[in-house]
Amino acid sequence: MKYDFAAIEPKWQERWEKAKVFAAADKSDKPKFYGLIEFPYPSGQGLHVGHPRPYTAMDIVTRKKRMDGYNVLFPMGFDAFGLPTENYAIKNHIHPAIVTKNNIAHFTQQLKRLGYGFDWDRVVDTTDPSYYKWTQWIFLQLYKKGLAYKATMPVNWCTSCKCVLANEEVVEGVCERCGSAVIRKEKSQWMLKITEYAQRLIDDLDELDFIDRVKTQQKNWIGRSTGAEVTFKATTGDDIVVFTTRPDTLFGATYMVLSPEHELVKQWMPLLKNAGEVREYQRAAASKSDLERTELNKEKTGVRLEGVKGVNPVNGREIPIFISDYVLSTYGTGAIMAVPAHDDRDWEFAKKFGCEIIEVVSGGEDVQKAAFTAKDETGILINSAFLNGLTVKDAIPAVTKWLEEKGIGAAKVNYKLRDWVFSRQRYWGEPIPMVYCEKCGWQPLPESELPLLLPEVESYEPTDDGESPLSKMTEWVKTTCPCCGGAARRETDTMPQWAGSSWYFLRYMDPHNDKALASREALEYWSPVDWYNGGMEHTTLHLLYSRFWHKFLYDIGVVPTKEPYRKRTSHGMILGEGGEKMSKSRGNVVNPDDIIRAYGADTLRMYIMFIGDFEKAAAWSDNAVKGCKRFLDRVWNLSESCADGEAYTPANESGIHKTIKKVSDDIEAMKFNTAIAAMMALVNDFCANGCTKGDMKTLLLLLNPFAPHMCEELWETMGFAAAEGGMVCQMSWPVYDESKTAASSVEMAVQVQGKLRGTVHVPVDSEEAAVVEAAKAVDKVARAIEGMDIVKVIHVKNKLVNLIVKPAK
RNA sequence: GCCGGUGUGAUGGAAUUGGUAGACGUAGUGGACUCAAAAUCCACCGCUGGCGACAGCGUACCGGUUCGAGUCCGGUCACCGGCACCA
């Protein structure tokens, strides 16, 4: 019989679905395992070969877990709100809801063709009102706890998407989605106070089994720095609070810098002799794009405030105050004390504007030539009164204590993390359930009115005035105040795409619940996600956002765990043939449907796992796909030529035990490529030594998570299904006998003076003397030690023997 | 600039705690089968020298530790990723 994958694959997909073999049980005596992959955005292009990499990996893991006796939850869903769908809808005049429905149908069909063991009864769709009802509900809880607030501030504005962006969505000064310029726009926006959770988001990483680069990237992004806030006086009598990580250098502060947007600058404007110049600088700074502002090696600019001075609280010295855009209004207090002798940026600015440079930490080069910034124990404080003689390390707590006693400063921690800008001026998102009343201000919609449905509109084009398309829906916007019953209007911005994905993994636990986002029992049973695999690109977006939401839900008693995910791993990208990124314009996009048609889903699954190190990027190769198909063909042929008998072929036995061990360990470690290599090597042995049905039976169990369709078919045709009373995916994972993983004899390396001179075959665990005897009998060894005395022997059991010799006297 | 990572044949990549470098797969070469091709099967496949047995060299580069280094240590170079005027 031919390996007719085109007939076999749909047949088993249908049988699995009918028998619901992959359904997760709500209650079970088995231990639970929740494996999760990031749900896709159902784009119009359909599945891309990048998708199957993480999906197949987790499918293998969960299929093995089922065979290990776990009650497995392996769900799938669709993150369907978002700009591309909306843009497609605008272009083709189809409602986004219809586009979404069609795309989900297409994705579902493609995913089923790959044979994934998803529990299809638990599919979630973030655009379904019965789902986004709970997204809105969570927003209301955030609002009630003061973690959602509306603020007017300069925000990132994508000129092409005509929409605000979160900090996390701006990459190198441009929009991460479309690559267009991002400018600052003063807008009133809903914000989420993720900064309140900054410390816990860092601290709790310690307990998690996340790959290190995820942890460091999140820590990096949150950007914790410790220091002190110090209050300087201005000659006007106003307080100027600055943040510094180097309070030890306070005596070296020779000027101050405020951000151009600083409140005090506005206040002082009438006093300033150069107010015109100052206003001009503020205007110029405001109109700069993010790209211009962050440009490297940019020369420092700024304006001195004529008429106001600052006073250094440690020595009473009057020092000049500048405004400059190198001080950011959104970090710290928006004001700094400048210590040019010990900070590169301040040094550069001081040189340009002729400010005084006073050395207060000795141990570096001439501070007039370059700043000395070492923060370790090499520097000793000078010119600093009571701090003189201390190391930097000791001076920081000393001066902080002093500041606290004097009441002019205190220890302070700052984070680079900013609050999350949560409104989008677009149509295809969750409506924000808030109402504005002239009398009562912003009021939350009563929970009983959820979901607040997205209204049908004529046009969902974004507008240049920065208003959402929903704002044109006069009838929908007009409402009554939930508080006083008077006339009011609805919020017309929608939530960002990240909203729905911030809690979707909870919904899988109890997807049809209409009383709560999920029942307490389901949450208790399934939490946390045991293993979550996803892309590195989501580390500081989805992964951070969802940890934040989860911690909030934990705080209000909705979820039972502090953290949503116990373990996080990440896959590398699939590149086009030749190593370039796959893209339509390069014409190197591989469509999984084509591969399935030509070679079958099992071959695609094998190849995508064999392609290379799972964590690293890998280039597609059509030829290498064929290698995997050949392997499956050989297995198929073996099933027809193997001998009867349940017992292992003696020549294969130790190889089988070794392979069970290798494949079991490698799946757990996500080393799918070497697991497959081990099975290939075993099959090569079967071909060389011949094999029995018993040999094949174990191979099918091992191979099943990787190539499930073929294994089911052979399991049945070889009679195992009838004998064992079930499909191969319902069987137990094979066990190995450690004592049988070693063969009876081993090949050992023989070295002379550390140089390889030959090998010897000896019984396992041979004693040193026996090995040395055997080694001396090897021709090349004998020649190498001729006329020499063996002075030392290094013997590593079953591995090698190294003879150290010197000339005989 | 700061933080993290990587560097192995023509090629994707393997190599427990330092212990036979190149598993497994591609591509290539030779052969079998075939009228022929495809498919399949067998053999070879790091570099240099030699007809040969064999010898020497080899994991980015330089040095060190060790009986023994792809693996550990010090230095250099190259590439990739993250953060970046964050005080």
Side-chain angles (χ1 to χ4, degrees), chain A residues 171-172 212-225 227 242-246 249 253 257 259 293-298 300-301 324-328 330-339 342-346 348-349 373 414-418 536-537 539-540 572 579 606-607 610-613 615-628 630-631 633-634 637 665 671 673-684 687 747-760 779-780 783 791-805:
Chain A
V171 178
E172 283 167 10
D212 281 341
R213 52 199 175 121
V214 168
K215 288 189 185 185
T216 46
Q217 248 180 63
Q218 286 206 345
K219 280 182 193 165
N220 219 336
W221 181 259
I222 295 167
R224 180 180 201 267
S225 49
V242 302
F243 172 70
T244 176
T245 55
R246 294 291 304 274
T249 61
V257 187
S259 69
R293 285 162 50 102
T294 57
E295 216 178 331
L296 287 165
N297 303 325
K298 194 187 65 174
K300 297 267 179 296
T301 59
S324 172
D325 64 1
Y326 88 87
V327 173
L328 308 176
T330 46
Y331 183 77
T333 61
I336 63 157
M337 63 175 207
V339 186
H342 305 290
D343 181 281
D344 290 324
R345 294 152 304 184
D346 296 344
E348 201 189 313
F349 188 90
T373 56
N414 260 317
Y415 303 91
K416 288 186 207 174
L417 186 71
R418 305 291 147 81
M536 279 309 289
E537 71 276 17
T539 302
T540 54
M606 291 295 289
Y607 175 60
F610 189 58
I611 195 167
D613 184 335
E615 291 200 0
K616 292 200 193 111
W620 184 267
S621 157
D622 279 329
N623 272 323
V625 177
K626 290 180 197 152
C628 289
R630 274 182 208 142
F631 168 68
D633 284 338
R634 299 181 84 189
N637 294 337
D665 294 349
K671 290 164 77 176
N673 52 339
T674 49
I676 291 170
M679 289 188 280
M680 286 175 168
L682 186 66
V683 166
N684 290 346
C687 289
E747 192 183 38
M748 288 179 64
V750 180
Q751 297 181 338
V752 176
Q753 310 289 66
K755 236 180 177 52
L756 184 71
R757 291 297 167 185
T759 57
V760 286
D779 254 13
K780 284 162 80 173
R783 245 178 293 139
V791 295
K792 193 177 172 189
V793 174
I794 288 150
H795 176 242
V796 182
K797 222 174 208 183
N798 299 330
K799 288 272 183 190
L800 100 176
V801 65
N802 186 6
L803 308 176
I804 312 304
V805 296

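Naming: A, B, ... by sequence-line order, numbering from 1 per chain.
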side-chain hydrogen bond (donor to acceptor under 3.5 Å, both in side chains) partners for [X], two or more places apart:
| X | answer |
| --- | --- |
| A/Asn637 | none |
| A/Arg783 | none |
| A/Lys797 | none |
| A/Arg630 | none |

- Query: Is the phosphate of B/rA87, meaning OP1 or OP2, less than 4.0 Å from a side-chain N or O of A/Ser225?
  - Reply: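 Yes, within the criterion.
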- Taking only residues two or more places apart in sequence, or in another chain, which ones meet A/Trp221 in a ring-ring contact (aromatic ring centres under 6.0 Å, His included)?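 A/Trp221: no ring-ring contact (aromatic ring centres under 6.0 Å, His included) contacts found.
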- Item | Contacts of A/Phe631 that satisfy ring-ring contact (aromatic ring centres under 6.0 Å, His included) - sequence neighbours left out | none
Which pairs, protein N/O on one side and nucleotides 46-57 of chain B N/O on the other, fall under 3.5 Å?
residue	atom	partner	partner atom	Å
B/rC57	OP2	A/Lys755	NZ	3.3

- Per the atom types in the model, does the base of B/rC83 pair as donor or acceptor with the side chain of A/Lys416 at under 3.5 Å?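 It does not, because no donor-acceptor pair links the side chain of A/Lys416 to the base of B/rC83 below 3.5 Å.
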- Whichever of A/Asn684 and A/Trp221 has the more 5' nearest nucleotide on RNA chain B, that residue is A/Asn684
- Message: Can you list everything that forms a side-chain contact (heavy atoms from CB on, under 4.5 Å) with A/Thr330? Sequence neighbours excluded, please.
- Response: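 A/Thr330 satisfies side-chain contact (heavy atoms from CB on, under 4.5 Å) with A/Leu328, A/Arg418 only.
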- Looking at residues at least two apart in the chain, or sitting in another chain, which of them share a side-chain contact (heavy atoms from CB on, under 4.5 Å) with A/Lys671?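 Partners of A/Lys671 by the side-chain contact (heavy atoms from CB on, under 4.5 Å) criterion, ordered by chain and then number, come out as A/Asp666, A/Ala669, A/Asn673, A/Thr674.
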- Item | Reading 5' to 3' through nucleotides 4-19 of chain B, protein heavy-atom contacts under 4.0 Å coded B for base, S for sugar-phosphate only, - for none | --------BSSSB--B
Return the polar atom pairs (N/O with N/O) between nucleotides 27-31 of chain B and the protein under 3.5 Å, or none.
none

- Dot-bracket pairing map - RNA chain B, Watson-Crick plus G-U, both contacts under 3.5 Å, | cross-strand: (((((((..(((......[....))).(((((.......))))).((((....))))..(((((..]....))))))))))))....
